[in-house]
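Chain letters run A, B, ... following the sequence lines, proteins first and then strands; every chain starts at 1. All values derive from a computational prediction rather than experimental measurement.
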There are 2 protein chains.
Amino acid sequence: MLTIGTLAKKTGTKVQTIRYYEQIGLMPEPGRTEGGQRRYGDAELDRLSFVRHARQLGFSLDAIRELLDLSDHPGKSCAEADAIARRQLKQVERRLARLEALRTELKRMVHECSGGQTSDCRVLEVLRDHSECLTDHEEIGA
Amino acid sequence: MLTIGTLAKKTGTKVQTIRYYEQIGLMPEPGRTEGGQRRYGDAELDRLSFVRHARQLGFSLDAIRELLDLSDHPGKSCAEADAIARRQLKQVERRLARLEALRTELKRMVHECSGGQTSDCRVLEVLRDHSECLTDHEEIGA
DNA sequence: CTTGAACCTACAGTAGCTAGAGGATGTAGA
DNA sequence: TCTACATCCTCTAGCTACTGTAGGTTCAAG
């Protein structure tokens, strides 16, 4: 039986985050001691590991909920899980493309900075100059 | 004199966002009509374009505040603006590296999915398998 | 039996917006 | 001039995915 702190350490999660996952129904309500403290078993450890791993891969909590559901029903078709992963891959690739464009523009800004006064600063100039703006109004690849 | 809606269209910003920027002091309080509606001039258009462009490049609102301050003082040294841009570039490069790793792992997951039942699903298996976990507990490249 | 680390709940705050309610204003056409 | 209606106003709450704090309780070691 693991305390919440031990579970946190084993999975690289903060204690608060585990309680948060419980609150939003991503983790089940665990057993408690007489004094009211949470105690976890291996099933919960596995589940939380799954969640954290998926988070590291950038899956949203909603996507993870779906994946957990699929994982809980071994007879279901794999196609859904695959679709979720593909969606995630696409998103990652879109972000990559976006970030690569940003890197190019930032590099240009930085390398052309003369080091003089801000009135001649290439960084500020680029930001001011509307015509060099990225044409679309897409969100950044946060 | 531009209404807030026109300013929004010209800069690809939502009306609410402009009011939000005013609220947090990123945009100045504009003049008003007798009836209390905001009216903007070219200075505000330029400032908002600057902000949006910087946002598209991934600068935080705090960084943008600094950049605007530098931009407002043409005599200051360019070094600070350069430093901010370099910091941003570094962050973008860190995110890129992270996302590339994610892409690799996601691709592997997706391509190895057999299309059968979830019990054999490679996607779920990878997520379940702790040993294949990314070793660090870093945040995702959100 | 005491100490102190770890636990508990509840609530507030983070970034950067976005959405909605409920009402006022401004402008174009009849 | 009147009317319709798009746009504006303020205010509040919500979003994601946590994180932090306050004030109090429990557990396990010594």
Side-chain angles (χ1 to χ4, degrees), chain A residues 1-27 29-40 44 48 50-68 88 91 95 98 137-142, chain B residues 1-27 29-40 44 48 50-68 88 91 95 98 137-142:
Chain A
M1 284 302 171
L2 308 167
T3 65
I4 197 170
T6 312
L7 185 64
K9 247 171 233 156
K10 276 182 189 265
T11 55
T13 315
K14 303 225 163 166
V15 166
Q16 262 95 331
T17 304
I18 298 174
R19 289 199 279 248
Y20 169 71
Y21 286 165
E22 181 184 328
Q23 195 187 302
I24 62 170
L26 208 61
M27 288 294 289
E29 289 184 25
R32 301 262 186 163
T33 63
E34 283 195 18
Q37 297 195 356
R38 291 167 178 83
R39 287 300 123 96
Y40 297 93
E44 282 100 336
L48 185 55
F50 184 104
V51 170
R52 294 310 290 177
H53 194 177
R55 282 298 295 141
Q56 282 171 352
L57 287 170
F59 289 94
S60 70
L61 293 182
D62 269 357
I64 293 171
R65 227 185 281 271
E66 290 183 69
L67 289 169
L68 279 168
Q88 184 59 23
Q91 216 178 81
R95 282 181 186 169
R98 184 78 182 156
H137 288 134
E138 222 179 289
E139 62 181 297
I140 57 162
Chain B
M1 283 302 172
L2 308 167
T3 64
I4 196 169
T6 313
L7 185 64
K9 247 170 234 157
K10 276 182 189 265
T11 56
T13 316
K14 302 225 165 165
V15 166
Q16 263 96 328
T17 304
I18 298 174
R19 289 199 278 249
Y20 169 71
Y21 286 164
E22 181 185 328
Q23 195 186 303
I24 63 170
L26 208 62
M27 288 294 289
E29 289 185 26
R32 302 261 186 162
T33 62
E34 283 193 18
Q37 298 195 355
R38 292 168 179 82
R39 287 300 122 96
Y40 297 93
E44 282 100 334
L48 185 55
F50 185 105
V51 170
R52 293 311 289 177
H53 194 177
R55 283 297 295 141
Q56 283 171 352
L57 287 169
F59 289 93
S60 70
L61 293 180
D62 269 357
I64 293 171
R65 230 186 278 271
E66 289 182 70
L67 289 168
L68 279 168
Q88 183 59 23
Q91 219 178 80
R95 282 181 186 167
R98 183 80 183 155
H137 289 133
E138 221 178 291
E139 61 179 300
I140 58 161

**Report entry** 5′-ward residue of the pair B:R39/A:G5 relative to DNA chain C
**Finding:** A:G5
Query raised in the report: Do any N or O atoms from the side chain of A:E44 and from the backbone of A:P30 form a donor-acceptor pair under 3.5 angstrom?
Result: no
Query raised in the report: Under 4.0 Å: is that the gap between some side-chain N or O of B:T3 and OP1 or OP2 of D:dC8?
Result: yes
Requested in this report: Looking only at side-chain atoms of B:Q16, point me to the closest of C:dG16, D:dT10, C:dT18.
Outcome: C:dT18
Query raised in the report: Once you round it to whole Å, what is the distance between C1' of D:dC18 and CD1 of A:I64?
Result: 13 Å
Report task. To the nearest Å, give me how far apart CG (A:L61) and P (D:dC15) are. Result -> 13 Å
Query raised in the report: Atom CG of A:L7 to atom P of C:dC8: distance rounded to whole Å?
Result: 11 Å
Report task. Check whether any side-chain nitrogen or oxygen of A:R52 sits under 4.0 Å from OP1 or OP2 of D:dC18, and answer yes or no. Result -> yes
**Report entry** Distance, rounded to the nearest Å, where B:M1 contributes CE and C:dT25 contributes C1'
**Finding:** 18 Å
Query - Closest to side chain of B:Q37, choosing from C:dT25, C:dC7, C:dC17 - result: C:dT25
Query raised in the report: Where is the tightest heavy-atom contact between B:G12 and B:R52, given as atom of each residue plus distance?
Result: O-NH2, 4.1 Å
Query raised in the report: D:dC18 phosphate, OP1 or OP2: any side-chain N/O from A:Y21 under 4.0 angstrom?
Result: yes
Query raised in the report: Quick one: on DNA chain C, does A:T6 or B:D62 contact a more 5' nucleotide (nearest heavy atom)?
Result: A:T6
Report summary line: Against the side chain of A:R55, the closest entry in D:dT10, C:dG16, D:dA17 is D:dA17
Report summary line: Picking from D:dA28, C:dT27, C:dC17, the nucleotide nearest the side-chain atoms of B:Y20 would be C:dC17
Query raised in the report: Looking only at atom types and distance, does a side-chain atom of A:Q37 sit under 3.5 Å from a main-chain N or O of A:T3, one as donor and one as acceptor?
Result: no
Report task. For B:Q91 and C:dA15, give me the distance from atom CD to atom P, rounded to whole Å. Result -> 14 Å
Query raised in the report: OP1, OP2 of D:dG20 versus side-chain N and O of A:K14: anything below 4.0 Å?
Result: yes
Query raised in the report: Are any of B:R65's side-chain N or O atoms less than 4.0 Å away from OP1 or OP2 of C:dG16?
Result: no
Query - Side-chain N,O (A:T33) to OP1/OP2 (D:dT26) below 4.0 Å - result: no
Requested in this report: Using a 4.0 Å heavy-atom cut-off across all strands, classify A:R38 as base, sugar-phosphate, or nothing.
Outcome: sugar-phosphate
Query - Gap separating the OH atom of B:Y40 from the NZ atom of B:K10, nearest 0.5 angstrom - result: 14.5 Å
**Report entry** Spacing between B:I18 atom CD1 and C:dT18 atom P, to the nearest angstrom
**Finding:** 11 Å
Query - Whole-Å distance separating the CD1 atom of B:I24 from the C1' atom of C:dT18 - result: 14 Å
Requested in this report: Under 4.0 Å between any heavy atoms, over every strand shown, what does B:I4 touch: base, sugar-phosphate, or nothing? Just pick one.
Outcome: sugar-phosphate
Report summary line: A:Q23 atom CD is separated from C:dA10 atom C1', nearest whole Å, by 10 Å
Query raised in the report: Which nucleotide sits closest to the side chain of B:R19: D:dT10, D:dA17, C:dT18?
Result: D:dT10
